[in-house]
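Beneath this line is the structure, given in structure tokens, with notes to follow.
Here is how names work: the chains are called A, B, and so on, in the same order as the sequence lines, proteins then strands, and each is numbered from 1.
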Number of protein chains: 2
Amino acid sequence: MNNEGNKVTINDVAKAAGVSKGTVDRVLHNRGEVSRKSKEKVLKVIEELGFRPNLYASLLASQKERLIQCVIPEFQPGEFWSLTEKGLQDAAQLVSRYGIRIETVKYDQYSVESFRNACSKVMDNPPSGVLVAPMYGEETLKFVGRLSEAGVPYMFLDSKIDDDGYLAYFGMPMYQSGYLCADILTGGRDVPEKVYVVRIARDKMGLSDPTAARRAGFMDFMKGHYPDVQIDNVFIDPKDKAAIYTKLDQTVGAEKGKRFVVMFNSRIHLVADYLTDRGIHDCRVVGFDCLEKNIEALRSGTVQALVAQHTDRQAVEAVNSMADYLLMGKSVAKRDNFIQMDILNMYNCDYYL
Amino acid sequence: MNNEGNKVTINDVAKAAGVSKGTVDRVLHNRGEVSRKSKEKVLKVIEELGFRPNLYASLLASQKERLIQCVIPEFQPGEFWSLTEKGLQDAAQLVSRYGIRIETVKYDQYSVESFRNACSKVMDNPPSGVLVAPMYGEETLKFVGRLSEAGVPYMFLDSKIDDDGYLAYFGMPMYQSGYLCADILTGGRDVPEKVYVVRIARDKMGLSDPTAARRAGFMDFMKGHYPDVQIDNVFIDPKDKAAIYTKLDQTVGAEKGKRFVVMFNSRIHLVADYLTDRGIHDCRVVGFDCLEKNIEALRSGTVQALVAQHTDRQAVEAVNSMADYLLMGKSVAKRDNFIQMDILNMYNCDYYL
DNA sequence: CGATTTCCCGTGCCCGTTCACGGGTATTTG
DNA sequence: CAAATACCCGTGAACGGGCACGGGAAATCG
């Protein structure tokens, strides 16, 4: 019906419905000024003829600019979120020719205040669509509430909040990533009696740890497969560089022989630096995320494996489906999109980007 | 210059160059009838103003259908090439709105004759562009020669032939994939004194083995890291199902204790079936490619890891860049595109597709 | 030198939608 | 009953590029 040489134009519809194309257009974008009778007739004809507006003509004629705003945490070059930013930029280029502009609004992930400000900034001048990487549940709920009121569609990136107005979610299965990581760390090897779980992160007061699910997956795997292994948690505040070394000296560095080390956020390179400096080579080290510094640690052999996700691709997909939605009202195929988990080691990391 | 609100139209260019838009258009699609002087002037102005034709206007005006033909081996559902086919279908949907149609022409990879036929079929009605997954070097050279003559641009998929007229190549780094595979098979484990390299493939007379480079990478790794390990080659013709079992009984099945098994093509699931049937559970098995049957073997634990590539994504990228080329004469960024190598195990395979 | 050919180039319509504008009825108001 | 007000609806000019057509100027020919 609407396949192949679909030559049905708005004029055909108009003629068949006994009205003018202006009226058909008004019906299509239901912007009123049409009698109930005409509207029904037009709708029926559209259905019968299988009319689908020509995308090109439509976009050519309505040169309106659309804006997608993306709310993500701020970052230093090379940090985790920079890959997301890169994806957003790539996507921006792709959709720019559809008259869609991408803007990122950044916030300090350690400050609710800052997140709140970012949200207000978005609301000041409501865009056509919003992508948000949420850290603060409560605040995010308020934010998306206001978006809904304003009729602005939104999607979640990376993390998801318990809400049901969102159009789509793009992220990683966190629990499974922890499980996978545990398998890579141990798989088929003689496992030492002690495994160090290092956490170098600022305490976000009152904020749930985004890697908590990952940790849970890891723990469950260990409990199931190696119940006797002792797991040492090493918690370090990253403010003080020296503190990291001191703390690692007391734990990982204090022991001899085969040890396993794992981290759940993206900062495994800090541990790698430590191990290199101290000349420790008998640790099996596994971490997360494809930062440049982590890759270097892979290449040098200090870190054996990384579990990574193409957060850039994730961002691209999110922007694309938002664009599809805005441009042609096409709602997304899957609401929750889990991106693939990649295992990187020194032999395949060079082909990753 | 050409970023943001790029409002430069063909009329602006015409005015600035002191010609009419007709002339600019002729230059753009270099269809002649333009004096050398005008042409240069126009080209210069285009560069200076950063003019990029409006895709919509262009497509709206020239409603011509373009056809991209893809020559790939035929396959049974679930086999290696089915993923490529899927990618082609996905891509077809994406570019259909630009008036581009995708058609696949399949050939029997064990018959030169069949390949030759496929090529003639393409030449009978030359398309706007061609993607080809070549198996026969000589024949492919003849084919692309004829394509060049006809002015039809072409790209290579999966394998590359020694030729220099191709627009782009999308594939996997074969040698490195073998290296990676060896690392996964052995990495950090006690390695048995014997490793079985199984090859279940029809002999393509006179045809070079596409997995040869992979084998070489594997061997080099082993030579470098485990020079004392004996590597047994097990070559089986797949015609006879029983032959597979017989041969495996004589080799892999004949031994007791920890053994390693590896295959370089996509048929590791055949070995998995054998091992399951015989109740053998102490083999470490690593193979290639994300077939449904291979994934099942991963899930059941018979195969421990797969090295895979997103051949679907590879196909999508190839089609996209061909489309970009055809639509806007944009030549591809990278000529040789190596796709990432993925490591799959039972914990991440469910998130792969 | 006039006639013909070649080489270039400008003009104008077309593609299918969007949307501002203005006009024509039916209804209400003074 | 004329005038004002709703309420609907048709018209036509964009939007930016593709391309057929035809015509003017220069070069070639007889």
Side-chain angles (χ1 to χ4, degrees), chain A residues 2 5-43 45-46 49-66 96-100 128 326-329, chain B residues 2 5-43 45-46 49-66 97-100 128 326-330:
Chain A
N2 63 11
N6 179 12
K7 298 270 115 197
V8 187
T9 76
I10 199 172
N11 274 313
D12 299 331
V13 174
K15 211 168 294 169
V19 297
S20 77
K21 67 192 169 113
T23 303
V24 176
D25 184 68
R26 276 183 282 265
V27 171
L28 279 176
H29 304 85
N30 49 311
R31 73 180 121 82
E33 320 249 311
V34 181
S35 69
R36 157 181 282 261
K37 212 172 58 178
S38 302
K39 183 168 177 177
E40 279 168 5
K41 186 75 202 282
V42 168
L43 251 19
V45 171
I46 287 180
L49 267 50
F51 166 71
R52 305 227 327 140
N54 181 311
L55 190 62
Y56 308 139
S58 173
L59 290 171
L60 176 61
S62 85
Q63 311 256 42
K64 64 171 109 140
E65 231 209 23
R66 287 159 225 260
S96 68
R97 50 170 127 153
Y98 301 110
I100 293 181
S128 311
L326 294 177
L327 253 31
M328 348 194 239
Chain B
N2 66 8
N6 180 10
K7 298 267 110 195
V8 188
T9 76
I10 198 173
N11 275 312
D12 299 332
V13 173
K15 211 168 294 168
V19 297
S20 77
K21 72 186 175 117
T23 303
V24 176
D25 185 67
R26 275 183 284 266
V27 172
L28 278 176
H29 303 86
N30 49 311
R31 71 181 121 83
E33 318 250 312
V34 182
S35 70
R36 156 182 284 263
K37 213 172 59 177
S38 302
K39 183 167 177 177
E40 279 168 6
K41 186 73 202 284
V42 167
L43 251 20
V45 170
I46 286 179
L49 267 50
F51 167 72
R52 305 224 327 141
N54 182 312
L55 195 60
Y56 303 137
S58 172
L59 258 15
L60 176 61
S62 81
Q63 312 252 38
K64 69 170 101 141
E65 232 208 22
R66 288 160 224 261
R97 53 165 122 150
Y98 300 114
I100 293 180
S128 311
L326 294 177
L327 253 29
M328 350 195 240
K330 206 173 72 180

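Counting to the nearest Å, the P atom of C/dA26 and the CD atom of A/Glu33 are 18 Å from each other. Whole-Å rounding puts the B/Leu59 CG to D/dC19 C1' distance at 16 Å. Per the geometry, NZ belonging to B/Lys7 stands 6 Å off P belonging to D/dG16, to the nearest Å. Computed from coordinates, the A/Asn11 CG to C/dT17 P distance equals 8 Å when rounded to whole Å. For the pair A/Arg66 CZ and C/dT18 P, the computed distance is 10 Å after rounding to whole Å. Taking atom CG of A/Leu49 as the reference point, atom C1' of C/dG16 lies 15 Å away to the nearest angstrom. Rounded to a whole Å, the CG atom of A/Asp25 is 15 Å from the P atom of D/dT11. Rounded to a whole Å, the CG atom of A/Leu28 is 9 Å from the C1' atom of C/dT17.
Taking the side chain of B/Thr9 as heavy atoms from C-beta on, and the options D/dG16, C/dC8, C/dT17, the nearest nucleotide is D/dG16. Taking only side-chain atoms of A/Ser58, from C-beta outward, the nucleotide of C/dT18, D/dG17, D/dC9 with the closest atom is C/dT18. The nucleotide whose nearest atom lies closest to any side-chain atom of B/Leu60 is, among D/dG18, C/dT11, D/dG16, D/dG16. Residue B/Ala61 places its side chain closer to D/dG17 than to any other of D/dG17, D/dC8, C/dT17. Of the candidate nucleotides C/dT17, D/dG17, C/dC8, C/dT17 has the atom lying nearest to any side-chain atom of A/Ile10.
Contact annotation for A/Asn54: backbone-only contact, meaning every heavy-atom pair under 4.0 Å involves sugar-phosphate atoms and none involves a base. Residue contacts for B/Val19: at a heavy-atom cut-off of 4.0 Å it reaches the sugar-phosphate backbone alone, with no base atom in range.
Considering every non-hydrogen atom in both A/Lys21 and A/Asn11, the closest pair reads CD-OD1, 3.5 Å. Scanning both residues, A/Asp12 and A/Lys7, for their nearest heavy atoms gives OD2-O, 3.4 Å.
Side-chain N/O atoms of B/Lys21 and base N/O atoms of D/dG18 include a donor-acceptor pair closer than 3.5 Å. For a distance-only test at 3.5 Å, the side chain of A/Arg26 qualifies as a donor-acceptor partner of the base of D/dG10.
Each of B/Arg31 and A/Val34 has a nearest nucleotide on DNA chain D; the 5'-most of these lies closest to A/Val34. Summary of the strand contacts: B/Gly22 and A/Pro53 both lie near DNA chain C, and taking for each the nucleotide with the nearest heavy atom, the more 5' one is attributed to B/Gly22.
In this structure, the separation between CZ on A/Arg52 and OG on A/Ser58 is 11.5 Å, given to the nearest 0.5 Å.
The neighbour count for A/Arg31 CZ, taken as heavy atoms of other residues, nucleotides or ligands under 6.0 Å away, is above 12.
No side-chain heavy atom of A/Glu40 sits less than 4.5 Å from a side-chain heavy atom of A/Leu43. Using a 4.5 Å cut-off on side-chain heavy atoms (C-beta onward), B/Val13 and B/Thr9 make no contact. The shortest side-chain heavy-atom distance between B/Ile46 and B/Leu28 falls under the 4.5 Å cut-off. The closest side-chain heavy-atom distance from A/Ile10 to A/Phe51 is below 4.5 Å.
At D/dG10, one or more side-chain N or O atoms of A/Ser20 fall inside 4.0 Å of OP1 or OP2 (strictly under the cut-off). Residue B/Thr23 has no polar side-chain atom (N or O) positioned under 4.0 Å from OP1 or OP2 of C/dC8. Distances shown here put a side-chain N or O of B/Ser38 below 4.0 Å from the OP1 or OP2 atom of C/dC9. When the side-chain nitrogen and oxygen atoms of B/Ser35 are compared with OP1 and OP2 of C/dC9, one or more of them lie within a distance under 4.0 Å.
Taking five base pairs at each end of the helix from C/dC1-D/dG30 to C/dG30-D/dC1, the local helix axes there meet at an angle of 60°, rounded to 10°.
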